[in-house]
Amino acid sequence: MHRFFLPADWIQQDSVTITGEPLRQISYVLRLKALDRIIVLDNSGWEFEVEIERITKEQVKGKVVNKKPGQGEPRIQITLFQALLKSDKFELVLQKGVELGVTAFVPFISERCVARKESAAKIERWRKIIQEAAEQSERLILPILHPLISFDEACRSVKQPSLLFWEEEKSVSLKQTLQNPPFKRTAELNLFVGPEGGFPESEKELAKQHGIAIASLGHRILRAETAGLAAISAILYEIGEMG
Ligand code: SAM
């Protein structure tokens, strides 16, 4: 069944009223009809199975026929602090990160970033990529896209256990790190991944000063758009979230 993240106030008791872009999707793109069913999500973690009653030019009216808690959210809340990358690569990290279970994304500008700012239109496009990937991958909570900040601000902002992947780190591995407090069995985790040019030593040191641990992802140098996704997959596997 097609899934739609909708504002919570569009669901009133067992009645759902849909307008705007989702209306266009339902009636013109998917060409759904009365009696067809869809899944509606209001970011509460519940899935509402809705039977379409009627579709007009102005709105879709539906009736909630079933409501159940979904299973699409991982047990760990991962925030991916990703250095701004050339656009198509950044969009790939957003889409795949959502599929894997990322809770929030924080784009940041670091010393070696090639891309250094983004237009409002581009950020709107990123939000659309996140929503579409969340609907496709059966997520229950829409991942958050935080505003673009500097690396320094990103380091100062972290509270939960945080881990920066440094391509020059040779002794401490991700696996070792996950086996020790405060990472072992943590419910929240921040991950930092650098830009195409990597992190200079000075930024690695700045991160350490803010209590951010440093780890390696192994002997091979991963592309910036691969590193975060590989780390997230390894962490989810390690905690038994990969089936
Ligand atoms: N020049 C390549 C590119 O254009 O994509 C490599 C970029 S660099 C290595 C990207 C970021 O990925 C690094 O800053 C780091 O965060 C992460 N990374 C890649 N390979 C890694 C490794 N083996 N260990 C730790 N971090 C790694």
Side-chain angles (χ1 to χ4, degrees), residues 76-118 122 126 129 143 145-180 182-184 186 188-239 242:
I76 187 170
Q77 300 216 328
I78 293 177
T79 296
L80 180 60
F81 286 73
Q82 173 66 59
L84 198 58
L85 307 175
K86 291 190 193 114
S87 196
D88 58 335
K89 293 179 185 172
F90 198 79
E91 292 178 4
L92 181 111
V93 171
L94 292 176
Q95 185 191 55
K96 304 306 171 194
V98 170
E99 286 175 40
L100 288 168
V102 167
T103 298
F105 298 91
V106 182
F108 65 83
I109 304 282
S110 62
E111 187 180 311
R112 293 179 182 161
C113 276
V114 179
R116 303 204 69 84
K117 61 179 177 20
E118 276 310 341
K122 185 59 66 60
W126 292 350
I129 288 169
L145 177 64
H146 290 282
L148 182 61
I149 55 177
S150 70
F151 179 70
D152 191 17
E153 287 166 321
C155 291
R156 275 189 277 116
S157 74
V158 292
K159 294 184 186 49
Q160 298 82 13
S162 301
L163 192 47
L164 179 142
F165 298 109
W166 194 39
E167 60 277 15
E168 294 175 38
E169 172 60 43
K170 298 299 176 216
S171 56
V172 182
S173 73
L174 170 59
K175 188 168 182 67
Q176 279 169 292
T177 306
L178 293 177
Q179 282 156 359
N180 299 311
F183 297 93
K184 196 172 176 89
T186 182
E188 295 178 68
L189 181 57
N190 297 315
L191 303 178
F192 283 72
V193 174
E196 291 87 344
F199 286 117
E201 173 119 20
S202 55
E203 286 182 332
K204 183 265 294 184
E205 284 308 321
L206 179 69
K208 283 177 81 171
Q209 285 160 24
H210 286 88
I212 299 169
I214 309 299
S216 166
L217 285 171
H219 298 300
R220 287 163 297 288
I221 299 300
L222 308 176
R223 285 185 164 283
E225 67 271 24
T226 313
L229 303 176
I232 293 159
S233 304
I235 291 163
L236 292 176
Y237 177 80
E238 185 73 14
I239 66 169
M242 289 289 221

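Both ligands and their constituent atoms are indexed starting at 1 by order of listing.
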*Examine the proximity of ligand 1 to Arg220 and report which part, side chain or backbone, both or neither, has a heavy atom under 4.0 Å away.*
backbone
*Using a strict 4.0 Å cut-off to heavy atoms of Val193, name the atoms of ligand 1 that fall inside it.*
12 (O), 16 (O)
_Can you name the atoms of ligand 1, numbered from 1 with element, that are less than 4.0 Å from a heavy atom of Ile221?_
6 (C), 9 (C), 20 (N)
*Do Pro195 and Val114 have side-chain heavy atoms sitting under 4.5 Å apart?*
no
*Do Leu222 and ligand 1 have an N or O pair less than 3.5 Å apart?*
yes
*Any N or O of His219 that comes nearer than 3.5 Å to an N or O of ligand 1?*
no
*Within a strict 4.5 Å, meaning less than it, do heavy atoms of the Glu153 and Leu148 side chains meet?*
no
*Nearest neighbour in protein (non-hydrogen) for atom 13 (C) of ligand 1*: Glu167 OE1, 2.9 Å
*Report yes if the side chains of Phe81 and Ser157 come closer than 4.5 Å at any heavy-atom pair, otherwise no.*
yes
*For Gly198, is at least one N or O under 3.5 Å away from an N or O on ligand 1?*
no
*Output the list of atoms in ligand 1 that are nearer than 4.0 Å to some heavy atom of Phe165, sorted by atom number.*
15 (C), 16 (O), 25 (C), 26 (N)
*Polar-atom distance check: Leu217 versus ligand 1, any N or O pair below 3.5 Å?*
yes
_ligand 1 contact by Gly228, heavy-atom criterion under 4.0 angstrom_ = no
_Hydrogens and angles aside, do Glu169 and Ser171 bring a side-chain donor and acceptor to less than 3.5 Å of each other?_
yes
*Looking only at N/O atoms, are Gly194 and ligand 1 under 3.5 Å apart anywhere?*
yes
*Evaluate the criterion side chain to side chain contact (heavy atoms under 4.5 Å, CB included) for residue pair Lys122 and Glu91; output intermediate values, then yes/no.*
CA-CA 10 Å; Lys122 185 59 66 60; Glu91 292 178 4; 3.7 Å; yes
*With a cut-off of 4.0 Å, which atoms of ligand 1 are near a heavy atom of Ala224?*
5 (O), 10 (C)
*asked:* The test is side chain to side chain contact (heavy atoms under 4.5 Å, CB included); show your working for Glu203 and Arg112 and say whether it passes.
replied: CA-CA 10 Å; Glu203 286 182 332; Arg112 293 179 182 161; 5.9 Å; no
*Flag yes if more than 12 heavy atoms outside Arg116 fall under 6.0 Å of its CZ atom; otherwise flag no.*
yes
*So which heavy atom in the protein is nearest atom 4 (O) of ligand 1, and how far is it from that ligand atom?*
Glu196 O, 3.3 Å
_Can you confirm, on distance only, whether ligand 1 has an N/O atom lying under 3.5 Å from any N/O atom belonging to Ala227?_
no
*Kindly say whether Phe183 contributes a backbone atom to a donor-acceptor pair with the side chain of Thr186 at under 3.5 angstrom?*
no
_Ring centers of Phe192, Phe199 separated by less than 6.0 Å_ = no
*Quick one: does ligand 1 sit under 4.0 Å from the side chain of Ala83, the backbone, both or neither, non-hydrogen atoms only?*
neither
*Is the number of heavy atoms from other residues, nucleotides or ligands under 6.0 Å of Lys170 NZ greater than 12?*
yes
*Atoms in ligand 1 flagged as close to Pro195, the criterion being non-hydrogen separation under 4.0 Å*: 7 (C), 8 (S), 10 (C)
